[in-house]
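Notes follow once the structure below has been shown.
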Protein chains: 2
Amino acid sequence: MSAPTQRITIKDVAAAAGVSKGAVSIAFNNKPGLSEPTRERIFAVARDLGWAPNSSARSLSTQRTDTIGLALCRPARLLGLEPFYMEFISGIESVLAQQSCSLLLRLVSSLDEEIDLQETWWRKRQIGGSILVDFHQDDPRIEPLKRLGIPAVAVGHPDLTGGIPSVWTDDASAVAEAVRYLAALGHRRIARVGGPSGLGHSAIREQAFLTTLRELDLEPSPQVSTGFAGEEGARATRSLLLLRDRPTAIVYDNDLMAVAGLGVAAEMGVAVPDELSLLAWDDSQLCRLTHPTLSAMSHDVHGFGAEVTRELFDVIAGRAVTPRRVATPSLTPRASTAAPRGPRA
Amino acid sequence: MSAPTQRITIKDVAAAAGVSKGAVSIAFNNKPGLSEPTRERIFAVARDLGWAPNSSARSLSTQRTDTIGLALCRPARLLGLEPFYMEFISGIESVLAQQSCSLLLRLVSSLDEEIDLQETWWRKRQIGGSILVDFHQDDPRIEPLKRLGIPAVAVGHPDLTGGIPSVWTDDASAVAEAVRYLAALGHRRIARVGGPSGLGHSAIREQAFLTTLRELDLEPSPQVSTGFAGEEGARATRSLLLLRDRPTAIVYDNDLMAVAGLGVAAEMGVAVPDELSLLAWDDSQLCRLTHPTLSAMSHDVHGFGAEVTRELFDVIAGRAVTPRRVATPSLTPRASTAAPRGPRA
DNA sequence: CCGAGTTGGTTAACCGGTCCAGTCCTCAGG
DNA sequence: CCTGAGGACTGGACCGGTTAACCAACTCGG
């Protein structure tokens, strides 16, 4: 029977240091009003005793909490596959860690569930704010979350986020750049495989795609809206390649679908890039592992996550914020795009 | 100027329901001692007021917390790419959500940092327990965490976890099965691309690989220890394929490296599966997207995460636990493995 | 030598729950 | 009619911090 690990509290530290608990509190919050020797003595004692302030007690007292929430609403199998999220999360963490804050993560299966969750988190005061992703057009989260007054930052174009402070990338310009690049290579039939059109950024890209084609006087080409899963990307690619006038280039909405597209092309004996150019989105290492390597619209996802988090801290602190646009995804040409040369060129 | 959102507390609910705060507490904890009408009245009032018990106050009082910790120690870029973790996390969540608990996630860059983090989490009483992954041989986390008395469950073979309750898969048998399968197809030179040999499970697989080769009287074949990144897998594959007697089959330690290996084979003009068979580990959708599709040792990662979490709850509740072995990864043959037929067969 | 300021603390109320020790009421049994 | 048991509920101490208000002692200018 080992002695029961007696929980040590601020009182023990105070006693051991020969001061009041108030003094310990002052020391640990770096507030003025203590002499240097006393301060040091307190820290030394705390270190010896292995004490750190109980975070429940602290946040009960301060009415603040140092965790922020992130709810992801995509099927788990998919989440694992999309490099995007983990990298995004790591970006979040990078600034969270500086402030010794933590991330509360939850996977949900519907927006309604997410709304419930955010509300619960907030009501129970478990989070100080939230990061919202994957905005839909007329997103149902906007109204309830604003009503609750949860400090939140949204990832997405300001048009979509209904006044919730947002951080976004200029997808429209990026799509335009992608299409112009392919057109410059000589492609006339360019297709696009996008995410679900309910998703705001898919809609934006879809629109931008059409506009750019029109500007360039290219044929109105097929766009397929699908999920983000690789298999869906594969199916979409297959359907495009079976068209009578099949496209000579395809732009994908993420990297996973592009990898799948590459597989389909191989399976159907369509040479990449000679007969078909493929362009991925959200460049990740995955794009460099295939053969041929995948050209992509790359994007500093880590930095994106960091920026979002910084903005959230501003919101929580009550500082004024304006929508922040971060770097536009930029073209990284690799081996999967080239001038169309036709079969067996 | 909208009325400042007055925080409502248990006192307000009690007042509105015409009972004492004790009664509200009893109701919300489903404890006996209240009449059904009163109970319902309390719930109705709470719903109207949109109240949920403040979790800081609750855990301060109960000395319990309903979050568990997970620290991942791999470079962020890599984490995003490995489907394993997200799926593992989703498994954790699936049982956490049932108990309305949450997951505190943190990415760290070294084991020492993880130890610090776990210690801080525990000292501040931010977590009720922790899930530990990626055990090394003589893992430095074992001693400090046991000393602190953090309830923890480890992912890894009991031999590695130094008495910390663990959940594990029988990697040794799985490796044996993989090798036997390839041998049965007629392969004599089988290579392996593994994770860092410091990592416990890599070492176990490495050992099992050698043993099985010996049992089957196969040539002692090269094993390469590397990171888990795709690029490292690519490099390793390249070096294997440049050997004088190059292997006719390669077993990888994850799916990402196998995908990379496939790319390298294509790049070097080595036909898969005719000249080279590839076998992935931790089957994910990725394996079904390539061409040819990748054979893999598949593994219910989601269920693994769930089981680990269940065990952690047992540990936290003080229930006796024994190491739990979950299902052994099983062979899922696809198009990347076949009998060796030599070049241009 | 006095009063104002400053330095370096202490004290106690409070944050919002939980939970134990009672209190009050009802009802069965003797 | 009294007693005892059990059910329904209240009161208040307590969890471990923070913080505003207060205080003692020590400068220092006039």
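In the text below, chain A, chain B and the rest are named by the order of the sequence lines, each starting its count at 1. All figures in this text were calculated on a predicted structure; none of them were measured in a lab.
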Tell me what Arg39(A) touches on the nucleic acid: a base, only sugar-phosphate, or nothing, going by heavy atoms under 4.0 Å. nothing
If each of Glu36(B) and Thr62(B) is mapped to the nucleotide of DNA chain D with the nearest heavy atom, which maps nearer the 5' terminus, i.e. the 5' end? Glu36(B)
Checking Asp139(A) against Thr161(A) for the side-chain contact (heavy atoms from CB on, under 4.5 Å) test, could you report, in this order, the C-alpha distance in whole Å, the side-chain angles of both residues, the deciding distance, and whether it holds? CA-CA 7 Å; Asp139(A) 198 284; Thr161(A) 63; over 6 Å; no
If only atom types and distance count, is the side chain of Ser166(B) paired as donor or acceptor with the main-chain N or O of Gly156(B) below 3.5 Å? yes
What is the separation between atom CZ on Arg41(A) and atom C1' on dG9(C), rounded to the nearest whole Å? 11 Å
To the nearest Å, give me how far apart CZ (Arg58(A)) and C1' (dG17(C)) are. 20 Å
By ring pair (Phe, Tyr, Trp, His ring centres under 6.0 Å) - contacts of Trp168(A) (at least two apart): His157(A)
Between dC19(C) (P) and Asn30(B) (CG): distance, integer Å: 13 Å
Row check, Trp122(B) ring normal vs Arg125(B) NZ/CZ: under 6.0 Å, within 45°: yes
May I have the distance from Ile26(A) (atom CD1) to dG8(C) (atom P), rounded to whole angstrom? 11 Å
To the nearest Å, how far apart are Glu40(A) CD and dG9(C) P? 12 Å
Mapping Gln63(B) and Ser20(B) to their closest nucleotides on DNA chain D, which lands nearer the 5' end? Ser20(B)
Under 6.0 Å from the six-membered ring centre of Phe135(A) and within 45° of its axis: does the NZ or CZ of Arg141(A) meet both? yes
Nearest heavy-atom contact between Thr9(B) and Trp51(B) is C-NE1, 3.4 Å
Any side-chain N or O of Asn29(B) less than 4.0 Å from the OP1 or OP2 oxygen of dT18(C)? yes
Whole angstrom is fine here: how far is it from CD1 in Ile42(A) over to P in dG8(C)? 13 Å
Do other residues, nucleotides or ligands put more than 12 heavy atoms under 6.0 Å from Asp138(A) CG? no
For residues Ile89(A) and Met86(B), determine if any side-chain heavy atom of one lies less than 4.5 Å from a side-chain heavy atom of the other. yes
Please confirm whether any donor atom in the side chain of Ser61(B) sits under 3.5 Å from an acceptor in the base of dG17(C), or the reverse. yes
Describe the nucleic acid contact of Val19(A) in one word from base, sugar-phosphate, nothing, applying a heavy-atom distance below 4.0 Å. sugar-phosphate
Considering only heavy atoms of chain B and a distance under 4.0 Å, specify the first and last nucleotide of DNA chain D in 5' to 3' order that meet this criterion. dA8(D) to dG16(D)
Rounded to whole angstroms, how far apart are CD1 on Ile10(B) and P on dC14(C)? 18 Å
Side-chain N or O of Ser35(A) less than 4.0 angstrom from OP1 or OP2 on dG9(C)? yes
So does Lys21(B) get a side-chain nitrogen or oxygen closer than 4.0 Å to the phosphate oxygens (OP1/OP2) of dT18(C)? no
Base, sugar-phosphate alone, or nothing: which one does Leu34(A) contact when heavy atoms must sit under 4.0 Å apart? sugar-phosphate
Need one value for Ser25(A): base, sugar-phosphate or nothing, where a base atom within 4.0 Å counts as base even if backbone is also close, heavy atoms only. base
Pick base, sugar-phosphate or nothing for Thr38(B), based on heavy-atom distances below 4.0 Å to the nucleic acid. sugar-phosphate
Whole-Å distance between dG16(C) C1' and Arg7(B) CZ? 11 Å
